[in-house]
Each structure stands twice: as C-alpha cells, then as structure tokens.
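Working notes, beginning with the structure itself.
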2 protein chains.
Amino acid sequence: MLFRQLFDKESSTYTYLLADLTLKEAILIDPVLEKVERDRKLLEELGLSLRYCLETHIHADHITGTAKLREATGCLGVVPDKADNSCADRYIKDGETLQLGSITIEAIATPGHTDSHITYYVNNDRIFTGDALLIRGCGRTDFQGGYAGTLFDSVTQRLFTLPDETLVYPAHDYRGHTVSTIKEEKQWNPRFVGRDRTNFIEFMANLNLPDPKKIMEAVPANEHCGNLVEGQDNKIPKVPELSKQGE
Amino acid sequence: MLFRQLFDKESSTYTYLLADLTLKEAILIDPVLEKVERDRKLLEELGLSLRYCLETHIHADHITGTAKLREATGCLGVVPDKADNSCADRYIKDGETLQLGSITIEAIATPGHTDSHITYYVNNDRIFTGDALLIRGCGRTDFQGGYAGTLFDSVTQRLFTLPDETLVYPAHDYRGHTVSTIKEEKQWNPRFVGRDRTNFIEFMANLNLPDPKKIMEAVPANEHCGNLVEGQDNKIPKVPELSKQGE
C-alpha cells in the first residue's frame, strides 16, 4: 500500500492518501477544498486514479474537497451513515467494510465529537480517527450533536481496545505531531488518563471554546459534500449537479 | 527503529526523531528552538534518552534547538564539518558514519544551499535532505556560501543516484507534503527535470527571493548551536557554557 499524509496549514487538517499499487487506485480520507489541486497533482504524478473520498465526519472547521474531486475524477464520496448529508455516493456504518485491492477499511462508529463520526481501521494496523481521538487530545463535544459521554465511550471502548501497536492518524494536530499509537494514547492522553466518564463530561463541559472560524460556512457546505453557491458568501451550499453514482 | 516526523508551523520546518528501541536512545535531526519542550516531552513519554542532535546545515530561517536540548539532556550536537560553527560536540563529514544501535547514519555531502550541507542517509532506506532537496523543490542558493552549480551537482550526482525507492524527508515543506521518493523527485521535481547545470544556475539566479525573516538572528545563533544572549534581541549569540562533551 502506498501511504501519504498531507497537511493543510490553515486549518491544521491532515488528509490521507492510500493507494493500491497493483490497481493504481487511490482513496483520500478527509480531503480539504483548498488543497484539491495539490492532491490531484500528486495523484496524477503517482499515476493513480481516485476511487473514493472518505469523510470521518461532517467537519466544522474546513470545507471538504470531496465535491470538487468527484466532479474532476468521478470518485465516490463516502460519508458516515447517520450524517446529515444527502449527496454521498455511499453511506458507511459501524462494522461495514470497504475494499480496494489490498486495502481493507473497516468502519468503527466513534460518535461524540459529532453524532455520526466514523473511525477508519485500515489493514488492521492503523486507524484514521478524525476528531474523535487526537494525539494527546480529542475533538470538542459542544455542537453538531456532540456529547462528551458518548465520545468517552467511543474512545475508551472502541479505540483503546485495539492492539497497542495500532498507529493513530488524526484529522488534526496543532502541535506538529504526525502520528501516535494506541499504547501511547492510553498511557499519555491527558483527556482520558485518570478520568472516568463523569469526570470527562465535566472537563469537556468547562472547555468554553470559541466556535471554529468557518463553522457557519463549513457545516452546511459539508452537509452537501463541499458544494458551494458562488456569490453567496459560500454560506448556502448547492446540491451537487452530478447524478449519484452507484457503486 | 522508531520514527517520528514533527512539524513547526511557523517556519514550516520538519524535525525528525529516530530511536533504537533496544537501547532506548534517540536522535533528533534539525530540532527547532521553539519546539524543544514538545520534543522533550515526547522523548520522555516514549521513555527515550536523547543521544544526538544532528544538523543538516546552519539554518537561516529558524534557530536550532540543539543548545537547549544539550543543556537539558546532555545530548551531543553534530554539525557538518565545514560549517562556521565552534561549539559542536562532533563534526561529521562526507562518508562518515554515525551508529546508534540498529540505526546507521551515513553522511552525504550535499553543498550548494549552504557551503557545508550534509544529507543523512539512514539504514539505506531514507534520506534527510535538509534544504538541499525539497519535495518538488530545492533550497535557495543565494547566501551562506550557496552556489546553484554546486547544488545541482549535489542533487543530481549524490542524491538522484540513490535507489529509486529511497524515501526523501526534507527539512521543510510549504504545501503540506510530508515525504517523497527519489524516483518521484527525479521524475517530477520542476527544479531539475529538463534542466542542465547551466539552465539550473540561470533559473536559480532569477528567483529574487526576499531574505528569510529570521536570517539576522538565526544564522549567528545557529553558528553557536542555538545559544542566545538574553536582552540583546537574540541577535548576538552566547558561546555555550557547557564544556564540549567528547564522544
């Protein structure tokens, strides 16, 4: 499997490229609208066709590149099944598997940051955790149907029960870390170490974070796969023109 | 070998952590002053002692974390042998090898960005190229004894002759790429593809880049391993107080 981690400095978002080199087909996890040209160029240089764009969740801090990539490449947009989203080509739910050649992706439901959040478990050795589990942190739980108790359960019951050596690739990092492991997070993540569910809920309730700068445009746009209406401050998304592509 | 890539957003600098897990000893390549606490914390959490800090070259865009790390951990500072630097614990030159348990690091002289630039070739499968070779780019050649012809020779004769699958880890990236390969850079790096030495020299001479913001403080500080004098705008470095530690 070819694997690349890509970074958007503005939103501190990681996008991940996975590819099967026999099929010459690729998957992007959590692409960012402003980075679509970078990602397309890299795919082209590597001789890869983009087959799927996977979202871990409906993001509030950046707009997904999925619609633009779908329009350009014909890839399929894959979104968690309970997400407020009407334009995905495929909805994926807990326990479902997506296969691309040698790449096996298992969906693990990890709600709490949002109510429809999926962690992607790839080839039994790495997880793409979106905003559920960050390196020495976790996503906030104060909007989009988030709830701290649910996130605590997702992380401690679904992720911390994976093998210790599992690599953890989050959707964001703000301190310059790129990867961690389940062992490290169980041992050192200050959001979870030494806290029970009640204590975690109390801690998260007192974070008092400001809203993400882009939330008013990002959430509605991402509910429509990243499609925007021009000339309307990008606040009202356009339903995608492309017909849904069955798999 | 444990391997971690770390990023400083302000200067877009990558620092690399390599560690032998039997010895529990680590190496940092190109640490950044402002990120020393992050790096120390990570080393501590991973149960690692820092043995060496390696510089690929005397940086002009950020101040090295080596002096501060040396003071805190007793690690040894390793610097290219021709660098204008009087405080290193060890100077390393082309062809020399540094061994730490299972980690073999071979020094490849790659001058041109600066006159004393080293690429570190680790375990015959990855290179840490500093500013000599960037992903789809290269370092500038208009100060610190830089010369475009020399950089062209370094990249095309010393790096592009390594095996195609060699992983390329640069000291910077400004577009969010994290890694490349020699094959990709030979095929797609626009600074080198389709250019001969003369054309490259002409191209580099016409870049007309502004000086890096921190050059006036970074270069003198880095010539002294990152030591600064407080209260003097950090522009006049202090000779390190620690006695040189022999190896």
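Residue numbers start from 1 in every chain, and the chains themselves are labelled A, B, ... in the order their sequence lines are given, proteins ahead of strands. These numbers come from the heavy atoms of this one structure, side chains and all, not from hydrogens, waters or symmetry mates. For clarity, every value in this text was computed on a predicted model and none was experimentally measured.
In this structure, no portion of A:K183 lies under 4.5 Å from any heavy atom of chain B. Only the side chain of B:E184 comes within contact range of chain A, judged by heavy atoms closer than 4.5 Å.
No other option in B:D173, B:T15, B:L6 has as many heavy-atom pairs under 4.5 Å with chain A as B:L6. Among the candidates A:R136, A:E45, A:Q5, the residue making the largest number of heavy-atom pairs closer than 4.5 Å to chain B is A:E45.
More than 12 non-hydrogen atoms from other residues, nucleotides or ligands lie less than 6.0 angstrom from CD of B:Q187.
The side-chain tip of B:R126 does not point at the ring of B:Y16 from less than 6.0 angstrom away and within 45° of straight on. For the pair A:R195 and A:F152, the cation-pi criterion (under 6.0 Å, within 45° of the ring axis) is not fulfilled.
Among the candidates B:Q157, B:H57, B:H117, the single residue satisfying the side chain to side chain donor-acceptor pair (under 3.5 Å) test with B:T110 is B:H117.
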